[in-house]
Structure formats: structure tokens, C-alpha cells
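Heads up, the thing below is written out as C-alpha cells.
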Amino acid sequence: MHIGFLGLGNMGGPMARNLLKAGHQVTAFDLSKPALAGLVEAGAREAASVGAVAGAGVDVVITMLPAAAHVKAVYLGEDGLLAHLPAGVLLIDSSTIDPLSARDVAKAAAAHGNPMLDAPVSGGTVGAAAGTLTFMIGGAAEDFQRAQPILAAMGKNVVHCGASGNGQVAKVANNMLLGISMIGVAEAMSLGVALGMDAKVLAGIINTSSGRCWASEVNNPFPGVLENAPASRGYSGGFGTDLMLKDLGLASEAARQVRQPVILGALAQQLYQAFSLQGHGGLDFSSIIKLYAQEPEA
Ligand code: NAD
């Protein structure tokens, strides 16, 4: 299969490499010359612009861009994909953006004769490199079937979530819950330790009781509880606070558009925002527990 790939950053670069490894032909473009050169070295063909990818005779185009503004520019812009693509080419956007923007772009693509899927991922850069991402797909069932073998080269779980935009709905709902539950675990762990409990013993109780969740069990925010969690290496690696902040912003914006209250989601967003402003945006989001740190006694 001949695949066009746009957006070769932390996620898109390794994803496109896995397509090459699976034997696909890839024609790629990125505004970053080093990112593009890296993929060309791995066997991809270089395109000189977004329009050049669209005109390269590709069967499918995959995009992995930072945010909705980039997605709209790449698909709908003057030199964008829709201005150059022949009808019938399948479009797959794996960027994390708000569901309504995803639906708007898919509608414009359909009017041009191009089926489109929203296909955001979870699994981070580690999953992107290992080819073990989870894809959450919104769009028509027959387009999902067409995309499945391609996405299988980059991911382990490829799930059809329903109509256009529903992949992004699944992604924002899950990540909003994750952002909230991490703060809950940070608060409970901090309270328990302040009241004299050993952090590991408390985590063990929570993880065999009703408070158990991914944030307590796999990514516990208290240092020393889990050897391999970011908390035990100064909150380096993992999922950055600013990326969590972006996803909570998407959830709040999507909620506003349908007038659905997200009371805890909005509060969580504000807490991560204040924390990011204090200079912690690059740390794993579990470092939000620092908000609860006690001053050492004088
Ligand atoms: P990134 O910033 O590393 O990469 C984005 C790439 O897009 C860059 O190389 C940039 O040059 C390129 N780009 C921007 N505008 C372009 C244009 N007009 N034409 C061509 N290329 C263009 O971002 P990332 O970490 O790879 O994330 C990509 C998406 O995946 C985001 O929506 C993010 O929220 C989502 N995501 C990221 C992670 C993660 O852990 N990094 C996990 C899940 C989902």
C-alpha cells in the first residue's frame, strides 16, 4: 500500500517507521527538515509540501499533527490535502483534537469524495515505537475495515467507537477521567502519609480496595511506591503535565459546545494549569502531587 504521512514528530515519526517496517511504501512531509530527513533515511520518499503528498498517487493519507488548527490547515488550506487529492483516497487523522473539529474536517472531506476517519491514539511515545498503540476510531464501518490492516502495523488494539468524531470523544472522555483520578490519588496518598501511614502499605490497600485505578496501580504519584513509575525518577518521562492540560482543554471545549457540565474536569484543568505555570509543565502529570507536599519542619 502507498501511504502518505504528514507530521513526523514524537509520535508520527515512529508510527511511520512501523509502516515502512511492515512493507508499506511511505511518502512523507513535515515542516521540520530533520524529522523528514530521519524518515527518508529509514526508507520513505520525501515530498516537498502537503500538496505534493496528495499528488503522489497515495492510496491512504495519515496525519499526526499537534492540534486542530494544524489539522484544519493541512486538510482545508489553500495548498492543503483536499485541494490536491483525487477522490476515493482514505484519510486518517490520528492527532488528538476536539470532536467537533474532527467532524467538520470529515464532512469537508466527504464532500470532496474522500472518506475520513478520526483515529486518536493512546500509548504514548513508547507505544508508538513498539507498535502497540490503541487506536480509537470514528467513522463509517466500511472505512474502518479498510483502515484496520494499516493501523495494525502501528497498534495492538484498533477499536471502532462509532460515527465520525467518536474516536475523539472516547479519547477526551478517557483522558479527562485520567486527569481527575490522578489528582484524587495524589490527594488520598498525601492525606494518608500526613496521618502517619506508610505510602507503600497505603497504596497496597488502595490497590486491593475500591479506590483502585490506573493512577494508583500503574502510575502511582507518590515517590518510591512503584519502582518503575515516573514518581520514582523525579517525574521524568511518562505523560507530560502540559499534554494532560491540552487534553483537559479539549474536554472543556467539547463540553462547552454541547452545554454539558464537566465540573471536576474544569477544576482539574485549572489545577494542572496553575501547576504548569509554576514551571512543571514538562514533568509527568503525576507530579501534580507536589501541590499537596508539606513544607519540611523548620
Ligand atoms: P510533535 O509536536 O512531536 O509532532 C508534530 C509534528 O507535526 C511536528 O514534527 C511538526 O513539525 C509537524 N507539523 C506541524 N504542522 C505541520 C504541517 N502543516 N505540515 C507538516 N507537518 C506539520 O507532537 P506529537 O507528540 O507527535 O503529538 C502529535 C499528536 O498526538 C498530538 O495531537 C498529541 O496530542 C497526540 N498524542 C501525543 C502523545 C504523546 O505522548 N506525545 C500521546 C498520545 C497522543
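Residues take their numbers from the sequence shown, with the count starting at 1. Atoms within a ligand are numbered from 1 in the order they appear, just like the ligands themselves.
Two residues are said to be in side-chain contact when any heavy atoms from C-beta on lie closer than 4.5 Å; Phe5 and Met64 meet this criterion. A 4.5 Å side-chain heavy-atom check between Met154 and Val121 finds every atom pair outside the cut-off. The shortest side-chain heavy-atom distance between Met189 and Ile206 falls under the 4.5 Å cut-off. Side chains of Leu250 and Asn175 form no contact here, defined as non-hydrogen atoms less than 4.5 Å apart.
If you check each of Leu250, Leu31, Ile97 against atom 20 (C) of ligand 1, the one with the closest non-hydrogen atom is Leu31. Among Met64, Met11, Met15, the residue whose heavy atom lies nearest to atom 42 (C) of ligand 1 is Met11.
In this structure, atom 23 (O) of ligand 1 is not in close contact with the protein, since no protein heavy atom lies within 4.0 Å of it.
Checking only distances, Thr96 does come within under 3.5 Å of ligand 1, N or O to N or O. In terms of polar-atom proximity, Asn10 is counted as a contact of ligand 1, with an N or O under 3.5 Å from an N or O of the ligand. Ligand 1 has an N or O atom lying under 3.5 Å from an N or O atom of Asp30, backbone or side chain. Any N or O atom pair closer than 3.5 Å counts here, and Pro66 shares at least one such pair with ligand 1.
Numbered from 1 in the order shown, with element, the atoms of ligand 1 that lie under 4.0 Å from a heavy atom of Lys246 read 31 (C), 32 (O), 33 (C), 34 (O). Annotation for ligand 1: atoms under 4.0 Å from non-hydrogen atoms of His70 are 15 (N). Atoms of ligand 1 found under 4.0 Å from any heavy atom of Phe29 (numbered from 1 in listed order, with element): 19 (N), 20 (C). Residue Val121 approaches ligand 1 through these ligand atoms, each under 4.0 Å from one of its heavy atoms: 43 (C), 44 (C).
The CE atom of Met182 sits 5.0 Å away from the OG atom of Ser286 when rounded to the nearest 0.5 Å.
Checking side-chain atoms of Asn174 against main-chain N and O of Ala170 turns up no donor-acceptor pair under 3.5 Å.
Distances from ligand 1 to the non-hydrogen atoms of Ser122 include no value under 4.0 Å.
Closest approach of Asp284 to Phe239, counting heavy atoms only: OD1-N, 2.8 Å. In this structure, Pro115 and Val89 approach most closely via the heavy-atom pair CD-O, 3.7 Å.
Taking the six-membered ring for Trp and thresholds of 30 and 60 degrees, Phe285 and Tyr272 have ring planes inclined between 30 and 60 degrees apart.
Protein heavy atom in closest approach to atom 13 (N) of ligand 1: Leu65 CD2, 3.7 Å.
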